[in-house]
There are 2 protein chains.
Amino acid sequence: MALQPTINDVARAAGVSKGLVSLALNDRAGVAPDTRARILEAAEELGWHPNPSARGLTSRRAYALGLIVRRDPSIIEADPFFSAFIAGVETVLADRGQVLVLSVVPDVESEAKAYTRLAHDKRVDGFLITDLLADDHRIHLIEGLGMHAVTLGEPNVDSTFPVVTRDYDKGIAALADHLMELGHRRIAHVSGDERMLHGRLRREQFERSMSDAGLQAVVVPTDFSPEQGAAATEALLDSAEPPTAIIYGNDPMAIAGMSVAHRRGLRVPGDLSVTGLDGSQIGTYVYPSLTTLRNDPTEWGLAAASSLLRLIEEGASDDVALPPAELVVRASTAPPARP
Amino acid sequence: MALQPTINDVARAAGVSKGLVSLALNDRAGVAPDTRARILEAAEELGWHPNPSARGLTSRRAYALGLIVRRDPSIIEADPFFSAFIAGVETVLADRGQVLVLSVVPDVESEAKAYTRLAHDKRVDGFLITDLLADDHRIHLIEGLGMHAVTLGEPNVDSTFPVVTRDYDKGIAALADHLMELGHRRIAHVSGDERMLHGRLRREQFERSMSDAGLQAVVVPTDFSPEQGAAATEALLDSAEPPTAIIYGNDPMAIAGMSVAHRRGLRVPGDLSVTGLDGSQIGTYVYPSLTTLRNDPTEWGLAAASSLLRLIEEGASDDVALPPAELVVRASTAPPARP
DNA sequence: TTGAAAGCGTTACCAA
DNA sequence: TTGGTAACGCTTTCAA
């Protein structure tokens, strides 16, 4: 009676040597078609799965991808992006008998340790790099570790890794236009962490849109936390010429900002229009529901995992561009009361 | 020059056989203290990390724990619990050279496949079982797979797995008392999915508290989504005797419920008091900030991972009880306008 | 196209 | 307390 069947059991059942079983399993050339069929049938019948440890020992592959997420413990909070992103990754990996190794670390130091450990211990064959920073040190670190990787977004440093991107510029421009068409002139942007590349790019496009329209762009940078989103809102509303519309760098900040407005007796969108970015489900149910840009994290996951796997298995992989982010107009934007 | 150093390099450097290196590495008996010291020193110097594939081949261990999260794609959304939970797990695993394998799956069928695959492929040594359901089929599935596991919460079916629990009864009672002391009499509970055990337990404690006070408990079950939270709120406010306070099964539903109230022109907490459960950071920044029960997901992660590792390594592990959930009173609760 | 055999880097066992 | 050697399950030569 079987523990787990091994390659020897399959070889015996198919009446061949285990070397052939290995060739057949891995779709390698040099196996007669009917022999291959017989082998695969025997494997199927015995319910044989090759043991990843044994494979890894000779092939030097882990059959796993690594995702390391850094989260300041004080900001440790729901991120609408990751569960859907990982679901996308999983879809690709499950089909190929691979797994995702996930690590959540509190700071840069343990982040570097985590990459190093996963690489040294050969626990993964490559990394998915999310939340790209300006001058992101991870690119260099991972290259130095001799590992493969794919970045979500285009790094601003030399990188040999394939890139998955989504255009936000059009979306940001559409969002700014939407507000201007409603009659807004004083539009502020509560931007995210300036060290994060995607936040910076969005801020730049916002500034471009505003200057194209001959308007002044007011930007308050934050760390993406609802706390700083609230503080930025207070500051903006206290200023000499408070904005009539605020574009927040993410939905949680927008929600916090709306609360500040409410607390001050301002009505949204009557007295203040508000938008998020990277629309999350919760944005649909707050009052008023949030105008935002739609993202699709699952798409990111599918694309990034496929690209990384191709890189690992074939030694090269193309960049991929996802469809541009789309404007979703809901109830938190309206013409200004006093334009 | 070294690829990765192997156990042989260490053995040679320390002038012993590789068998001894293995014993020393694994803190096994039968190595002279000074020999052990010499070996560890040599290992340190060479920067040797044992290869998990090679270890796994003989020890039949994966040195990995599995977490499989099922999320209906339509409800795929931020869950404040997981990033902090995983950070806790990671803390325990990193110290021991182990990793977390994470899978996010859309339905029960792919969930079962994921458990089976991870077990058959020996990718993990045990599972962390979260979001326990009533009559949870996973207990039986995992036992049948011959795998170890730990459950977050006490299953209502026979289980041989250790259990990590946190008492919510006291917290729910305190929350109900808080509302009653404010003068509320008509208190409703928008509960979570009845199939989820923790939701059911909280509902039962709510009913107990209400009946102890001689009050009628109104309960509307949902699937934990903000959407159904909003719908439940509509239904409650439309009823003949609308509640003056609503306890929501989680913070996102409470936020959605508040929006419904706002939309109807009700003021929170003036016309309607509202509370969440399982306090999330975002609850601090909505307006008004949410009264809730505090949970600490990191604690869950630490306890569950430690317990599971002990089970795997020593064959047995004790149940662990985390400190009870605490009431956090913020601004969303106040005396009723017309009691 | 196939079989036999030699690793891969550990752990486990048996002598010494 | 130590060393030598045989697994572990697979991939990869090298012959046939």
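Heavy atoms only: backbone and side chains are in, while hydrogens, waters and symmetry mates are out. Order of the sequence lines sets the chain letters (A, B, ...), proteins ahead of strands, with each chain counted from 1.
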Response to the item:
Hits for ring pair (Phe, Tyr, Trp, His ring centres under 6.0 Å) against A:His140, two or more places apart or cross-chain, chain-then-number order -> none
Response to the item:
Computed from five pairs at either end and rounded to 10 degrees, the angle between the axes of the helix from C:dT1-D:dA16 to C:dA16-D:dT1 is 40°
Worksheet item: If only side-chain N and O atoms of A:Arg60 are considered, is one of them under 4.0 Å from the OP1 or OP2 phosphate oxygen of C:dG9?
Response: yes
Checking [X] now: which residues fulfil side-chain contact (heavy atoms from CB on, under 4.5 Å) with it, not counting sequence neighbours?
| X | result |
| --- | --- |
| B:Ala304 | B:Phe85, B:Leu128, B:Val150, B:Leu152, B:Val164 |
| A:Asp136 | A:Leu132, A:Leu133, A:Arg138, A:Ile139 |
| A:Leu145 | A:Tyr115, A:Thr116, A:Ala119, A:Leu141, A:Met147 |

Worksheet entry | salt bridge (charged side-chain N to carboxylate O under 4.0 Å, His left out) involving B:Arg38 - partner list, sequence neighbours excluded | none
Worksheet entry | side chain to side chain donor-acceptor pair (under 3.5 Å) involving B:Glu41 - partner list, sequence neighbours excluded | none
Discussion item. The criterion is side chain to side chain donor-acceptor pair (under 3.5 Å); which residues satisfy it with B:Ser110, sequence neighbours excluded?
Written reply: B:Asp107
Worksheet, complete the sentence: Expected list for residues 32-39 of chain B near DNA chain D, using heavy atoms below 4.0 Å, is B:Ala32, B:Thr35
Response to the item:
So the side chain to side chain donor-acceptor pair (under 3.5 Å) pairs with at least one residue in residues 145-155 of chain B (sequence neighbours excluded) are none
Discussion item. For residues 11-34 of chain A, which residue pairs pass the side chain to side chain donor-acceptor pair (under 3.5 Å) check, not counting sequence neighbours?
Written reply: A:Asp9-A:Arg12, A:Asn26-A:Arg55
Fill in: Protein proximity profile, nucleotides 10-16 of chain C - base contact B, sugar-phosphate-only contact S, no contact -, cut-off 4.0 Å on heavy atoms
BBB----
Response to the item:
Taking for B:Ser17 and for A:Leu57 the nucleotide of DNA chain D with the nearest heavy atom, the one nearer the 5' end belongs to B:Ser17
Worksheet item: Between B:Ser103 and A:Glu90, which heavy-atom pair has the shortest distance, and what is it?
Response: OG-OE2, 2.6 Å
Item to complete: Let me know the distance between CG of B:Leu20 and P of D:dG3, rounded to the nearest Å.
Response: 5 Å
Worksheet entry | Rounded distance in Å - CG (B:Asp121) to P (D:dG9) | 14 Å
